[in-house]
Amino acid sequence: MTRSFITTPDGVDIFYKDWGPRDAQPIVFHHGWPLSSDDWDPQLLFFVHKGFRVIAHDRRGHGRSAQVSDGHDMDHYVADVAALMDQLDVKNSVHIGHSTGGGEAAAYVARKGKDRAAKLITLGAVPPIMLKSEANPGGLPMEVFDGFRAALAENRAQFYHDVPAGPFYGFNREGAKVTEANITNWWRQGMMGSAKAHYDGIKAFSETDFTDDLKAIEIPTLVMHGADDQIVPIADSALLAVKLLKNGTLKVYEGYPHGFMTVHPDVVNADMLAFIRG
């Protein structure tokens, strides 16, 4: 097990984990906003014990990566992943992305990773585009994302408690089994990162149009989404995204929330393993 940093061409230190045999097939994990690679720990442990090499990084401005002022947009996120993959010389890889990380993973595969990626998995991912517009009438209005920005600027610590305590894990649903440790861990990860990176990143995950990226992806792609996702509603994300993919498969989980890989890791891990080995 190693913990290391790479430095991107524009001088940003990116933290990453790289566990398992170097000659094993690599699985690369892309985390959601405003979290870190720690959000994937249940999956990292599961897959490393299955014999895979597992790699996960903290996006710039998130977790332990450098809290730089600029570059909190999808183009820079993708370039940072490409720098990490190049420096580690990762090939024949499976990329797995949740939420914002699902967009990042898809964009990397489409733009930079065609010669390095073998399969792609997205979970509760933001593509094709979250923001409502004439071209995307089913999206969320700008007022929703302005509300995120206002709440973050006013009291980030409270906002980062309310999100996981409510819609992220579906803990606001009647009869939900609330796990305080998951709320605390979400809060911990969020507060490790840069307020500016998180503020700027709202635009990156809500306004980036991944339509062309999805159309350009040719490798087998598994689109996983919870039917009760209150953060990235399925009707305007997964159901549209799978239609744009050349080789996409959709798997919908009835009643599952946005952070379903954390609250249902046994189901999610097994399904991802079956797809990777299939």
Side-chain angles (χ1 to χ4, degrees), residues 1-33 35-41 43-44 46-48 50-66 68 71-123 125-127 197 201 204-205 208 210 212-214 216-222 245 247 272 275-276:
M1 181 174 69
T2 63
R3 291 197 216 173
S4 306
F5 289 84
I6 63 139
T7 301
T8 67
D10 62 339
V12 180
D13 290 333
I14 299 293
F15 172 88
Y16 71 95
K17 306 174 186 181
D18 185 359
W19 305 345
R22 294 300 176 267
D23 59 350
Q25 185 176 21
I27 304 178
V28 183
F29 293 84
H30 306 249
H31 67 79
W33 176 97
L35 305 174
S36 74
S37 57
D38 290 356
D39 204 44
W40 286 114
D41 280 349
Q43 285 69 42
L44 296 174
F46 174 84
F47 282 103
V48 78
K50 295 295 182 182
F52 293 92
R53 177 185 181 183
V54 295
I55 301 167
H57 70 290
D58 292 355
R59 190 170 299 119
R60 65 166 61 200
H62 296 62
R64 289 139 293 204
S65 290
V68 292
H72 307 297
D73 55 74
M74 197 55 60
D75 289 343
H76 281 87
Y77 297 164
V78 170
D80 293 347
V81 174
L84 178 61
M85 297 299 97
D86 290 348
Q87 292 188 43
L88 298 182
D89 195 24
V90 174
K91 298 176 181 177
N92 190 36
S93 54
V94 178
H95 285 261
I96 300 178
H98 174 245
S99 197
T100 301
E104 176 185 274
Y108 167 76
V109 168
R111 304 177 195 178
K112 303 282 189 178
K114 291 184 178 180
D115 295 331
R116 294 188 180 273
K119 289 185 177 181
L120 171 65
I121 301 174
T122 66
L123 301 89
V126 297
F205 75 67
T208 301
F210 297 96
D212 290 341
D213 294 317
L214 294 172
I217 295 170
E218 298 181 352
I219 60 174
T221 301
L222 177 62
L245 293 162
N247 193 4
M272 291 196 293
F275 175 76
I276 292 169

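Atom set for the values below is all heavy atoms of this structure, side chains included, hydrogens, waters and symmetry mates excluded. Just so it is clear, the model here is predicted, and its values are computed rather than measured.
Using a 30° and 60° split on the angle between ring planes, Y108 and H95 fall in the tilted class, from 30° to 60°.
When atom types are taken as modelled, the side chain of S65 and the backbone of F15 share a donor-acceptor pair closer than 3.5 angstrom. Formation of a donor-acceptor pair under 3.5 Å by the H62 side chain with backbone atoms of R60 is found in this model. Counting only distance, with no hydrogens or angles, the side chain of H31 and the backbone of R59 share a donor-acceptor pair below 3.5 Å. Of the possible polar contacts, one joining the Q87 side chain to the T7 backbone as a donor-acceptor pair under 3.5 Å is found. Between the side chain of D18 and the main chain of I55, no donor-acceptor pair closer than 3.5 Å is present.
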Next item on the list: Go through H76 and V12 one step at a time and tell me if the side chain to side chain contact (heavy atoms under 4.5 Å, CB included) criterion holds.
Entry: CA-CA 10 Å; H76 281 87; V12 180; over 6 Å; no
Check: Could you walk me through whether F210 and M74 pass the side chain to side chain contact (heavy atoms under 4.5 Å, CB included) check?
Finding: CA-CA 10 Å; F210 297 96; M74 197 55 60; 3.6 Å; yes
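For F52, the ring-ring contact (aromatic ring centres under 6.0 Å, His included) partners two or more places apart in sequence, or in a different chain, are F47. Under the rule for a salt bridge (charged side-chain N to carboxylate O under 4.0 Å, His left out), the partners of D41 that lie at least two apart in sequence or sit in another chain are K17. With sequence neighbours excluded, the residues forming a side-chain contact (heavy atoms from CB on, under 4.5 Å) with D86 are R116, listed by chain and number.
Ion pairing between R22 and D89 fails under the 4.0 Å rule for side-chain N and carboxylate O.
A pairwise comparison of heavy atoms in A125 and G102 identifies CB-CA, 3.8 Å as the closest pair. The two residues I276 and I27 come nearest to each other via the heavy atoms CD1-CD1, 3.7 Å. Pairing each heavy atom of H72 with each of G61, the nearest pair is CE1-CA, 4.2 Å. Among all heavy-atom pairs drawn from A106 and I217, the shortest one is O-CD1, 3.6 Å. V78 and A107 make their closest contact through CG2-CB, 3.5 Å (heavy atoms, listed as atom of the first residue, atom of the second, distance).
Each of T221, D213, I219 was scored for a side-chain contact (heavy atoms from CB on, under 4.5 Å) with V109, with one residue passing: I219.
Atom CG of L222 sits about 9.0 Å away from atom CG of L120, to the nearest 0.5 Å.
When side chains are defined from C-beta on, Q43 counts as touching M272, because their heavy atoms get closer than 4.5 Å.
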